[in-house]
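Right, one structure below, let's go through it.
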Protein chains: 4
Amino acid sequence: MRHLKLLTAGESHGPGLTAILEGLPMGLKVKTGKINEQLARRQEGYGRGGRMKIESDSVQITGGLRLGVTLGSPLSLWVVNRDHDNWTRSMSPEPVRGSNPRPVTQPRPGHADLPGYQKTGTEDIRNILERASARETAARVAAGGVCRLLLAELGIGIFSHVLSIGGVKARPDYSDLTALAAAAGQNDLHVADEAACKRMKRTIKSVWGDGDTLGGIAEVIVEGLPAGLGHYAHWDRRLDSRLGGSVLSIPAVKGVEVGPAFENAHMRGSRVMDEIILDKAAAKKGNSRFKRNTNRAGGLEGGMTNGQPLIVRGAMKPIATLSSPLASVDIKTGQTVKACKERSDCTAVAAMGVIMESMIALVLTDTILEEFRSETMKDLKSAWRAYKRQVNRR
Amino acid sequence: MRHLKLLTAGESHGPGLTAILEGLPMGLKVKTGKINEQLARRQEGYGRGGRMKIESDSVQITGGLRLGVTLGSPLSLWVVNRDHDNWTRSMSPEPVRGSNPRPVTQPRPGHADLPGYQKTGTEDIRNILERASARETAARVAAGGVCRLLLAELGIGIFSHVLSIGGVKARPDYSDLTALAAAAGQNDLHVADEAACKRMKRTIKSVWGDGDTLGGIAEVIVEGLPAGLGHYAHWDRRLDSRLGGSVLSIPAVKGVEVGPAFENAHMRGSRVMDEIILDKAAAKKGNSRFKRNTNRAGGLEGGMTNGQPLIVRGAMKPIATLSSPLASVDIKTGQTVKACKERSDCTAVAAMGVIMESMIALVLTDTILEEFRSETMKDLKSAWRAYKRQVNRR
Amino acid sequence: MRHLKLLTAGESHGPGLTAILEGLPMGLKVKTGKINEQLARRQEGYGRGGRMKIESDSVQITGGLRLGVTLGSPLSLWVVNRDHDNWTRSMSPEPVRGSNPRPVTQPRPGHADLPGYQKTGTEDIRNILERASARETAARVAAGGVCRLLLAELGIGIFSHVLSIGGVKARPDYSDLTALAAAAGQNDLHVADEAACKRMKRTIKSVWGDGDTLGGIAEVIVEGLPAGLGHYAHWDRRLDSRLGGSVLSIPAVKGVEVGPAFENAHMRGSRVMDEIILDKAAAKKGNSRFKRNTNRAGGLEGGMTNGQPLIVRGAMKPIATLSSPLASVDIKTGQTVKACKERSDCTAVAAMGVIMESMIALVLTDTILEEFRSETMKDLKSAWRAYKRQVNRR
Amino acid sequence: MRHLKLLTAGESHGPGLTAILEGLPMGLKVKTGKINEQLARRQEGYGRGGRMKIESDSVQITGGLRLGVTLGSPLSLWVVNRDHDNWTRSMSPEPVRGSNPRPVTQPRPGHADLPGYQKTGTEDIRNILERASARETAARVAAGGVCRLLLAELGIGIFSHVLSIGGVKARPDYSDLTALAAAAGQNDLHVADEAACKRMKRTIKSVWGDGDTLGGIAEVIVEGLPAGLGHYAHWDRRLDSRLGGSVLSIPAVKGVEVGPAFENAHMRGSRVMDEIILDKAAAKKGNSRFKRNTNRAGGLEGGMTNGQPLIVRGAMKPIATLSSPLASVDIKTGQTVKACKERSDCTAVAAMGVIMESMIALVLTDTILEEFRSETMKDLKSAWRAYKRQVNRR
């Protein structure tokens, strides 16, 4: 990120997660309840394992907020790990008396376990897996939750929905994005196609029974972005790169596309480009005279928003911790073994969508704070309104 | 990037392109001929337009190199735009006498033209398109060419091949990557499947005749990477993110995946994870005792290399400048028009593969220089060898 | 910083201070008691006000540490503000019932109060001063305390001593730096000249009685640095810049010099340069054959360490909060008033020295982690020893 | 820097210097003649050696500028080294036939020579000194020259004057800064005290005759900055740090202070703080109602500008290359020798002042572009005017 700075800390079974978000304006109202809603969305979904039942995340803000309003100073967020109570000895930050906890030595394929061991030579793979765990993303959802509030004040809305799980595909209706968002909110898999949702649950149930896992594809849609955010003039300022890179930083996400990019790659240019249409009616009402009837670009052209909804899809591999574990090799004994188990989920595509929303909210907020005067929310809103008027006049 | 810094400058029809690459070790031998080979690879391919015939790029190094060896100081690279001779008046950096050049006012769908205008209000879209042009990537290929030389000294090889153009798919043989690379080098489309290559050319010819354009998918493969490069401990240090973000910074690339990520998303975990196999024979020879029989992870686990070939695919949309232009709106007159034309290609997927190689070479070099002592190439090679031995013993 | 990332958060009277330090190696033993010693040193010193009596800082590590050893993941540090108990209503992060706390409207000259108000238009200067307060530096001392432990494992020691307070100058004996450090440790003003220390206390007492304040100069000395850390090849990599910039980031520090730079500026080159002497005896013992008999460069040449002790001085202005307040203007009423009072100190030069040590420890750790392989402390120590041998052979 | 990115490249006797400055707005008029004026100012001054007579620097802009106006894309600047003609063999970027040039093996005290050798083990110290040379600052002056033009459009003026050379101190009259600037412009040492200037020249002449060198102190003054630029909320955003760090990145500058910081450190708070005065007359005219009668803070409070002139001083050590060389040790033979000579100056304090101006112009531009909307100069000027009005109303 260029203006905002985000650091997160905390292990999966340590005392909790900390995030510091530096660079916010003064004057943003932050209701922690609103952030907790996002944390709850991240935890839900058919196919989630036991931990989700143990704990319900909530955030505490310890810096940067006064009387519910940001100060413009760094915001510090704390999400306690309720599960830590079961791990006080093994995951104590401070030394403990007695012998060391039993080390994890049987790396799981698909995880950081083996390359992390090979990188560091640690004798206990827990020293790797505790931080490589997707638990860390709760801190990002908390920080992203703050950004969502900021974006909301600018009229920008973000939601996600699940396009496929385990090969079962949804066929959502894109003709009305508000309805699409509502439909996705009506089930715990965030699928905007009720029939597909049911089929997905059946598939999950069956695969779960086999001790196996599933991945899938989720799509984030952002509405309310004016044209011209982001930049074309330098490679590291293009929004495709910044957004895509942020989505690929989510554990288990290995593919990303802006709009239907892999499909577009097989088509002719005349079918892919979103033609520029004159919209006299809109112009008369003071809105932009430029219109598109299609959105195959996913809302980005030349590394910038083009005024259409932003559409980003992420491909998540199946959860790498299987309850019927795969073949592995013990790093200590050198014997062929089954990989270790950590309590885990069968699938978490809906959660991945929520985390994608959070990363995208962070990157968009970063871009907006970078491009507009943003000492205070008042400054920002005033600059934002002026820009939107400007764009509409052009 | 975290250790290396890369800035590029220069417009498509300006005097030339400049790149500065800061952070290289002292002592790397740089043959400019080797960089020119990469620049030539970027220019080739059936389906390229007239400009490729006008000019054959070559690089001049003006700083950071002495007697053919890097000094450890910033490297400055200059690639002249031979086409500038035809644009001396319109694209002069200095003011010119007489009236201004005729402005471009008819934005092309799919380009930076319209959002760039909406962002800045410029009266001449040439002020946007000259820098948003893919010409800029020649500077990246030059800088990436230097990184390739460094990687080669560490035993790391990079190549790319084209998987599909305009919906025509290649079926390359992955059983021998050396042979695959060689096959891809034998035609100007970089397709490691001769029959598919011919079909692609037929398709290109036909579409070109229609004044239309095509996109496609290219894949970069990197061999020689030991396990453990990159990091799992913080979101912005994961290699998936850094590599994917860099690929998405290439104009017209809108999708990226590490390994067959979109396919993996539809499968069960037990079919996707690359099981960890004990390789006693390798261990006896002093190589790593851990083996994988599959590589669905594309060489990355937990944001780190896992010792397998790195595999990254990029999806390129069709070229956005059509010789049978699409509908647009003139920004000055407000009339419905056809989009302007700039001299352009019908398709450039092979070139995109070369640019992907360059970006990936830059990111991998960045990661290696960050992680290993690299004041001099001697330092780096010694640290590299020691690490490879260490990994093999683990 | 280039490799390490440090964010801090927390207001002066908020719940506490948070720091996240990203980029540490795995395997560093961290005793929180050692960090608390530094926090205590930051709080001591004749001339400190009431708050220092209320609270004795201690750190809690909530992430990045397991069983007393770093994991290589981001370290999160928490220092509770004990004084917050007296401010739960006015400084609550969450909204409170009832009317808002009474705003601060009378800016103190020399503080962020007035420019912060002018920047943001806030109606309550407390929204500025809570974060602009030097309380924030406790978080830096905690983070720097971790770095000191790392540096100590490499044989690098850091201390500071006070050169002057309120115009009273110490004349410490530099012939034995160990003795100098010990002498500075024997009084709470950290002055390595007992007689001067007494005179300083008398001056402080008298000025304090007048409701006035004092500044002074402290000097940090770092021993154990081999030649060649830092870089000459790019402006933002020079250690003078990185160290000096970090010292100037401390509130109230407005001047910095490496060695006696302002004095050197008045002398001839032949008197300032530290001549390079052949030290045959050292060479025989396997130490560096190059020696200097003087250290007017303060240990840095060409932006790099030169093997001599590093010497950095900071000039602190008097504390800006006076108990006999200065003239001001009420931002609400527009009337001429006396500036507001916050509980404050008469002088805090010894504390400033400790904070300087912390910032310098952070920058040096950053430089070392950037330049040497540092996945684990074992890697780092091994690379460090190899480099020291190399330097001695050159 | 946070918004702007600056890389420079090029060796002292290589083909030339390159700079890329990324992040400028579209629409800034750049006259290269204006930049050349600054390059000329950097080269002048009694006490400069032969090279200044050989060459007169001029800049060529090869990217980011069209018809004399910035495009908002990265600006590339090229300053040819006319002296390279005398070094084509020894400093050729490409390999040359025949034997290698004779290596430099006798390090100069006070330079990067010895620590650079110790860091890298190079056999030819020229591989270090060519980039460590102050020649590189010409690229910064060129880039800073562009920033000065931008600042000028916002009503911000920068100048420097020399306060002392070789112990001879100027006593300039600060009552009228315009007159001070004019006086400093009337001699080639940039001393705003004609009598002191003459004494300095006599001193230089005498010391030069001895084969010795001198340093000194220069002061940069910036007028036209409104209150509230910079930030108090995070350590790395404070302007004292950013400005001071940038000044300390200039070769040979080892000390820096904002206002008379070292003097302030010896005084009482009541004498140092600039009291806040109600200025009813100014308020009536629409200017700020807050006034200061003193400026001991040097224009910065709480890491922000406070509306007063910004005053930054740098302390330069004497030039480290003496024509009567100091003692050294040959790195190859291990013999005690005299240090090598490179053609050099006796003193260059006036030039250092110009380079300080450039670095400060870069940092201030960076801060302003970061804080205000700055896609185009029109955007920036409009946001700037609005902010100045706002500050005046507060």
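Because only heavy atoms are used, hydrogens play no part in the values below, and waters and symmetry mates are left out as well, while side chains stay in. Residue numbers start from 1 in every chain, and the chains themselves are labelled A, B, ... in the order their sequence lines are given, proteins ahead of strands.
- With respect to chain A, the highest number of heavy-atom pairs below 4.5 Å among B:Ile331, B:Val168, B:Ile217, B:Ile128 belongs to B:Ile128.
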Stepwise side-chain contact (heavy atoms from CB on, under 4.5 Å) test for A:His111 and B:Glu301: CA-CA 6 Å; A:His111 265 290; B:Glu301 284 175 314; over 6 Å; no
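- Within the structure, ring-ring contact (aromatic ring centres under 6.0 Å, His included) pairs that include any residue of residues 226-264 of chain B comprise A:Phe262-B:Phe262 (at least two apart or interchain).
- Interface residue A:Asp210: only side-chain heavy atoms are found under 4.5 Å from chain B.
- Within a 6.0 Å sphere centred on NZ of A:Lys5, heavy atoms belonging to other residues, nucleotides or ligands number more than 12.
- When each of A:Gly255, A:Ala9, A:Ala261, A:Pro115 is scored by its heavy-atom pairs under 4.5 Å with chain B, the top score falls to A:Pro115.
- Using a 4.5 Å cut-off between heavy atoms, A:Tyr117 contacts chain B through both its backbone and its side chain.
- Checking side-chain atoms of A:Glu275 against main-chain N and O of B:Leu326 turns up no donor-acceptor pair under 3.5 Å.
- Comparing B:Ile165, B:Leu114, B:Val391, B:Thr137 by heavy-atom pairs within less than 4.5 Å of chain A, the highest count is held by B:Leu114.
- The most heavy-atom pairs under 4.5 Å with chain A, out of B:Glu263, B:Glu257, B:Met273, come from B:Met273.
- The part of A:Arg238 that comes within reach of chain B is its side chain, from C-beta onward, which places non-hydrogen atoms under 4.5 angstrom from that chain.
- Contacts between B:Lys280 and chain A at a heavy-atom distance below 4.5 Å are absent for every atom of the residue.
- Contact annotation for B:Val272: only side-chain heavy atoms (C-beta onward) come within less than 4.5 Å of a heavy atom of chain A.
- Interface summary for chain B: among A:Gly307, A:Ala320, A:Gly244, A:Ser270, the most heavy-atom pairs under 4.5 angstrom belong to A:Ser270.
- Chain A forms more heavy-atom pairs under 4.5 Å with one residue of B:Ala315, B:Gly302, B:Ser249 than with any other, namely B:Ser249.
- Listed by chain and residue number, A:Arg268, B:Thr203, B:Asp212, B:Leu214, B:Cys346 satisfy the side chain to side chain contact (heavy atoms under 4.5 Å, CB included) test with B:Val207 (two or more places apart in sequence, or in another chain).
- Between chain A and the residues B:Arg289, B:Met1, B:Glu371, B:Lys317, the most heavy-atom pairs under 4.5 angstrom are made by B:Arg289.
- For A:Ser246 against B:Ser241, the heavy-atom pair with the smallest separation is N-OG, 4.5 Å.
- The most heavy-atom pairs under 4.5 Å with chain A, out of B:Pro251, B:Ser288, B:Gly116, come from B:Pro251.
- For a residue to count as touching a neighbouring chain, one of its non-hydrogen atoms must lie under 4.5 Å from one of that chain's; by this rule B:Pro226 does not touch chain A.
- Checked by atom type and distance alone, the side chain of B:Lys254 pairs as donor or acceptor with a backbone atom of A:Ala297 at under 3.5 Å.
- Looking only at distances, no side-chain donor or acceptor of B:Gln118 sits under 3.5 Å from a matching main-chain atom of A:Ala227.
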